[in-house]
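Have a look at the structure below, then the notes.
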Amino acid sequence: MSVVIEPVEVNADYPERIANWRPLVSWLLVIPQMFVAAILGWLFGILAIVAFFTVLFTKKIPRGVFDFMVMTLRYSWRTNTYAMFMREGYPPFDFTAASAADDPSVPADPAHLGIDYPEELNRWLPLVKWFLAIPHYIALFFLGIAGFFVWIFSAFAVLFTGKYPEGAFKFMVGIHRWATRVQSYVGLMRDEYPPFMLD
C-alpha cells in the first residue's frame, strides 16, 4: 500500500501473512517498545515547546529538533503497527533520524513515516494551531472508537486465518496518517492545515 500526500507521508506495507499466535502475545512482546515510545513522546512534547519559541522568534524550527521529532513519530508508528498485528517482524530499536526515503543506506521498514522539513514557518500560527486543530481532534476521537472495533475484528481474523483483512488494514493506516498530519501541524512541524481524510 503506498499513498503519499506531501508533505507528510505515513504508509505501511500490507503483510501477506501474520502468525496466528500474534494476537495472543503481541501485547506482552510490545511492552519494551511502548516504554521507549512513551519516553520519546514525552521528549516530543518538550521539543514542541522549543519549536514554539524558535518559530515565534526566527520563523524556523532547528533541523536537529525537527529530525528528532520525526524520529519519535516514526518510532511510535512502527511500534503501533506491531501492537496492532499489522506487521510480522518485530520493530527495531532504531533511533536514526533519517528514513529509508531520505537516505538509501538506512534499512527499509514495513512502516514508513516521513515529513518534509519546512524552510520557513508562519511566525504567528503557533499561537492558534492548537485551537484550529480542535475539529480534527473531534473527528479523530470518533475514528479512534471505530478503530478499536476494527482492531478487535482484525485480531480474530488474524487468530483464525493468519491474515489481516486488507480493508481493515487500510482503515487503520488511514487513521494514523490523519493523526500524524494533525500532530505534525500542532507540533509546529508544518504549516499546511491537515485535510479531513484518511488517504
Side-chain angles (χ1 to χ4, degrees), residues 1-5 8-45 68-102 106-115 136-137 139-184 187 197-199:
M1 159 175 213
S2 180
V3 177
V4 178
I5 295 183
V8 179
E9 178 213 354
V10 178
N11 293 313
D13 298 335
Y14 179 70
E16 290 304 318
R17 184 157 184 83
I18 301 290
N20 298 70
W21 53 265
R22 284 281 308 288
L24 303 175
V25 298
S26 275
W27 63 272
L28 181 62
L29 298 175
V30 82
I31 287 174
Q33 292 283 3
M34 286 293 192
F35 179 74
V36 173
I39 292 172
L40 291 175
W42 181 73
L43 292 173
F44 181 96
F68 191 90
M69 292 172 80
V70 173
M71 183 274 293
T72 64
L73 294 175
R74 185 181 301 118
Y75 195 99
S76 175
W77 174 223
R78 290 175 176 174
T79 300
N80 287 338
T81 57
Y82 187 80
M84 296 184 293
F85 338 116
M86 296 172 67
R87 62 187 289 150
E88 181 59 30
Y90 194 73
F93 288 96
D94 179 23
F95 306 100
T96 308
S99 68
D102 301 329
V106 175
D109 190 272
H112 326 285
L113 189 150
I115 302 173
H136 283 283
Y137 286 129
L140 286 168
F141 172 77
F142 289 106
L143 283 171
I145 293 172
F148 173 77
F149 288 105
V150 170
W151 175 69
I152 296 293
F153 164 75
S154 300
F156 281 102
V158 170
L159 190 64
F160 292 110
T161 69
K163 290 186 72 69
Y164 205 107
E166 192 168 357
F169 185 88
K170 290 179 180 178
F171 181 70
M172 298 300 274
V173 172
I175 291 175
H176 199 87
R177 183 180 295 122
W178 188 331
T180 302
R181 290 181 190 141
V182 173
Q183 198 166 6
S184 65
M197 58 191 298
L198 298 170
D199 294 330

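Hydrogens, waters and symmetry mates play no part in the numbers below; they use all other heavy atoms, side chains included. One is the number of the first residue; the rest follow in order along the sequence. This structure is a prediction, so every number in the text was calculated from the model and none was measured.
- Atoms OH and CG, from Tyr137 and Leu143 in turn, are 14.0 Å apart once rounded to the nearest 0.5 Å.
- Between atom CD1 of residue Ile18 and atom CE of residue Met84 there is a gap of 11.5 Å, rounded to the nearest 0.5 Å.
- Gln33 has its side chain within reach of Phe93: a pair of non-hydrogen atoms, C-beta onward, lies under 4.5 Å apart.
- Ring planes of Tyr90 and Tyr82: perpendicular class, angle over 60° (limits at 30 and 60°).
- Residues Phe85 and Pro23 come closest through the heavy atom pair CE2-CA, 3.5 Å.
- The CE atom of Met172 sits 9.0 Å away from the CG atom of Asn80 when rounded to the nearest 0.5 Å.
- Counting only distance, with no hydrogens or angles, the side chain of Thr81 and the backbone of Arg78 share a donor-acceptor pair below 3.5 Å.
- Taking the charged nitrogens against the carboxylate oxygens, Asp109 and Arg87 do have a contact shorter than 4.0 Å, which makes a salt bridge.
- Closest non-hydrogen pair, His112 versus Asp13, comes out as NE2-OD1, 2.9 Å.
- Here Trp21 contributes atom CH2 and Ser26 contributes atom OG; the two are 6.5 Å apart, rounded to the nearest 0.5 Å.
- For the residue pair Asp94 and Tyr75, the shortest heavy atom distance occurs at O-CD1, 3.3 Å.
- What you find for Thr72 and Phe44 is that their closest heavy atoms are OG1-CD1, 3.2 Å.
- The closest side-chain heavy-atom distance from Val36 to Thr79 is not below 4.5 Å.
- Ring geometry for Phe148 against Trp151 counts as tilted: the plane angle lies between 30° and 60°, on a 0 to 90° scale.
- Atoms OG1 and CZ, from Thr180 and Arg74 in turn, are 11.5 Å apart once rounded to the nearest 0.5 Å.
- At a threshold of 4.5 Å between non-hydrogen side-chain atoms, the residues Met86 and Trp77 count as touching.
- With hydrogens and angles ignored, the 3.5 Å screen pairs no side-chain donor or acceptor of Ser76 with any backbone N or O of Leu73.
- Arg22 places no side-chain N or O within 3.5 Å of a backbone atom of Gly162 that could act as its donor or acceptor partner.
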Working note: Arg181 + Met197, criterion side-chain contact (heavy atoms from CB on, under 4.5 Å); need CA distance, chi angles, decisive distance, verdict. CA-CA 10 Å; Arg181 290 181 190 141; Met197 58 191 298; 3.7 Å; yes
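- Shortest non-hydrogen contact noted between Thr96 and Met71 is O-CG, 3.4 Å.
- Counting only distance, with no hydrogens or angles, the side chain of Lys163 and the backbone of Glu16 share a donor-acceptor pair below 3.5 Å.
- Considering every non-hydrogen atom in both Ser184 and Val8, the closest pair reads OG-CG2, 3.5 Å.
- A perpendicular orientation is assigned to the rings of Trp178 and His136, their planes being inclined by more than 60° (bins at 30° and 60°).
- When Ile115, Ile175, Leu113 are each tested for a side-chain contact (heavy atoms from CB on, under 4.5 Å) with Val10, only one passes: Leu113.
- Put simply, the side chain of Met34 does not reach to within 4.5 Å of the side chain of Trp27, judged on heavy atoms.
- For Phe95, the CZ atom counts as densely surrounded, since its 6.0 Å shell holds more than 12 non-hydrogen atoms of other residues, nucleotides or ligands.
- We find the CZ-CG distance between Arg177 and Asn11 to be 5.0 Å, quoted to the nearest 0.5 Å.
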